[in-house]
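Below you'll find the structure, written out as structure tokens, and then a few comments.
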Amino acid sequence: TANGQMTVELAKLSFGDVRAAAYQLAVLPWGATEAHNLHLPYATDTIESSMIATGAAQIAADRGTRVVVLPAVPFGVHSMQRDIPLCLDVSPTTQRLLLAELVASVQRAGIRRLLIVNGHGGNDFKWMIREIQPTTTVFLCVVDWYKCIDPGDYFEEPGDHAGALETGVMLHLAPEFVRLDRAGDGAARQWRVRG
């Protein structure tokens with residue numbers, strides 16, 4: 001419990017808690033493990049999606065929704081970053097297979113809705129959901145947390161990867177992991193083809 005509230009995080013619940021719950025909604029944070037410039041941790045996408053999912057689920061639980069947040073999946077698609085050490089890349093096919101297995105687990109638990117909270121731009125769940133949805137009774141949906149609001153309202157230049165948006169979110173959620181003194185100049189390899 002936190003502040004007298006029951007946690008919504010499955011990883012912190014006991015079998016006794018879960019057995020009695022009858023959840024309506026499962027939330028699955030999905031991130032990635034990749035370098036984020038020189039100042040943010042490899043787990044940035046996973047930390048952000050997990051903490052945002054947990055915070056939103058707690059608000060929903062406080063309003064009466066029976067919700068559980070599943071452990072975050074820390075593996076994403078990084079086809080263009082394989083040259084970076086320990087960028088843990090999985091193929092889209094592997095992601096789809098893992099998602100299908102997790103959906104089956106949620107269905108066996110009697111939960112009728114699964115929300116994926118995506119934290120990595122390389123993850124594309126739309127086609128996966130189209131393939132999996134006809135095979136399950138669980139309603140599937142995905143939200144890219146970083147597209148929920150217009151970042152232009154908060155940042156002059158949000159940046160794409162490890163820029164102001166991700167750095168600002170990490171400074172709010174987990175400032176102990178941000179090393180601004182190590183930040184690079186933001187230089188990135190540019191596309192050779194204009195378009």
Side-chain angles (χ1 to χ4, degrees), residues 2-3 5 7-10 23-78 80-81 92 95 99 102 106 111 113-130 133 138-180 183-188 191:
N3 300 328
Q5 297 174 321
T7 183
V8 294
E9 297 171 84
L10 178 61
Y23 295 113
Q24 300 168 305
L25 170 67
V27 179
L28 177 60
W30 204 305
T33 302
E34 64 176 343
H36 278 79
N37 200 312
L38 304 173
H39 66 292
L40 295 177
Y42 268 67
T44 293
D45 295 341
T46 306
I47 291 167
E48 290 171 341
S49 62
S50 183
M51 292 183 77
I52 289 167
T54 300
Q58 191 62 62
I59 292 168
D62 293 345
R63 295 179 180 174
T65 302
R66 294 184 311 274
V67 58
V68 64
V69 179
L70 306 178
V73 177
F75 307 115
V77 177
H78 309 286
M80 305 298 286
Q81 299 182 58
Q95 263 192 328
L99 179 59
L102 296 173
V106 167
I111 302 172
R113 295 172 190 88
L114 176 67
L115 168 64
I116 301 163
V117 176
N118 180 38
H120 174 61
N123 297 338
D124 178 13
F125 292 101
K126 190 173 183 179
W127 70 273
M128 295 178 207
I129 290 173
R130 285 181 176 162
Q133 189 63 79
V138 177
F139 174 77
L140 304 173
C141 61
V142 63
V143 62
D144 298 324
W145 71 259
Y146 47 88
K147 293 181 180 176
C148 290
I149 60 171
D150 181 3
D153 293 343
Y154 302 93
F155 304 98
E156 285 182 31
E157 178 57 49
D160 177 39
H161 188 256
L165 172 65
E166 279 192 304
T167 301
V169 170
M170 283 297 288
L171 283 168
H172 177 71
L173 295 175
E176 67 275 19
F177 296 120
V178 179
R179 297 290 309 267
L180 288 177
D185 63 6
W191 291 97

Are any of the side-chain heavy atoms of [X] and [Y] separated by less than 4.5 Å?
{"X": "Gln95", "Y": "Phe125", "answer": "yes"}
{"X": "Leu115", "Y": "Leu28", "answer": "no"}
{"X": "Val143", "Y": "Cys148", "answer": "yes"}
{"X": "Val73", "Y": "Leu102", "answer": "yes"}

Worksheet entry | Check against side-chain contact (heavy atoms from CB on, under 4.5 Å), Val8 and Thr54 | CA-CA 7 Å; Val8 294; Thr54 300; 4.1 Å; yes
Distance, nearest 0.5 Å, that separates [atom1] of [X] from [atom2] of [Y]:
{"X": "Lys126", "Y": "Asn118", "atom1": "NZ", "atom2": "CG", "answer": "14.0 Å"}
{"X": "His39", "Y": "Asn37", "atom1": "NE2", "atom2": "CG", "answer": "5.5 Å"}
{"X": "Met170", "Y": "Asp45", "atom1": "CE", "atom2": "CG", "answer": "9.5 Å"}

Fill in: Within 6.0 angstrom of Glu156 CD, more than 12 heavy atoms from elsewhere
no
May I ask you to decide if [Y]'s main-chain N or O and [X]'s side chain share a donor-acceptor pair within less than 3.5 Å?
{"X": "Thr65", "Y": "Ala61", "answer": "no"}
{"X": "Gln24", "Y": "Arg66", "answer": "yes"}
{"X": "His78", "Y": "Gly122", "answer": "no"}
{"X": "His36", "Y": "Glu34", "answer": "yes"}

Worksheet, complete the sentence: Only one of Val27, Leu70, Leu25, Ile129 passes side chain to side chain contact (heavy atoms under 4.5 Å, CB included) with Leu114, and that residue is Leu70
Worksheet item: Per the side chain to side chain contact (heavy atoms under 4.5 Å, CB included) rule, which among Thr46, Thr33, Ile47 passes with Pro41?
Response: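 Running side chain to side chain contact (heavy atoms under 4.5 Å, CB included) over Thr46, Thr33, Ile47 with Pro41 returns exactly one hit, Ile47.
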Fill in: Full working for side-chain contact (heavy atoms from CB on, under 4.5 Å) between Thr167 and Leu40
CA-CA 7 Å; Thr167 301; Leu40 295 177; 3.7 Å; yes
Fill in: Residue pair Val169, Tyr146: steps toward the side-chain contact (heavy atoms from CB on, under 4.5 Å) verdict
CA-CA 10 Å; Val169 170; Tyr146 47 88; over 6 Å; no
Closest approach of [X] to [Y] (non-hydrogen atoms, all atoms of both residues):
{"X": "Phe155", "Y": "Ala164", "value": "CE2-O, 3.4 Å"}
{"X": "His120", "Y": "Gly76", "value": "CD2-CA, 4.3 Å"}
{"X": "Gln133", "Y": "Leu140", "value": "OE1-N, 2.9 Å"}
{"X": "Val67", "Y": "Ala60", "value": "CG1-CB, 4.5 Å"}
{"X": "Thr7", "Y": "Glu9", "value": "OG1-N, 3.1 Å"}

Discussion item. Pair Asn123, Ile116 - check side-chain contact (heavy atoms from CB on, under 4.5 Å), show working.
Written reply: CA-CA 11 Å; Asn123 297 338; Ile116 301 163; over 6 Å; no
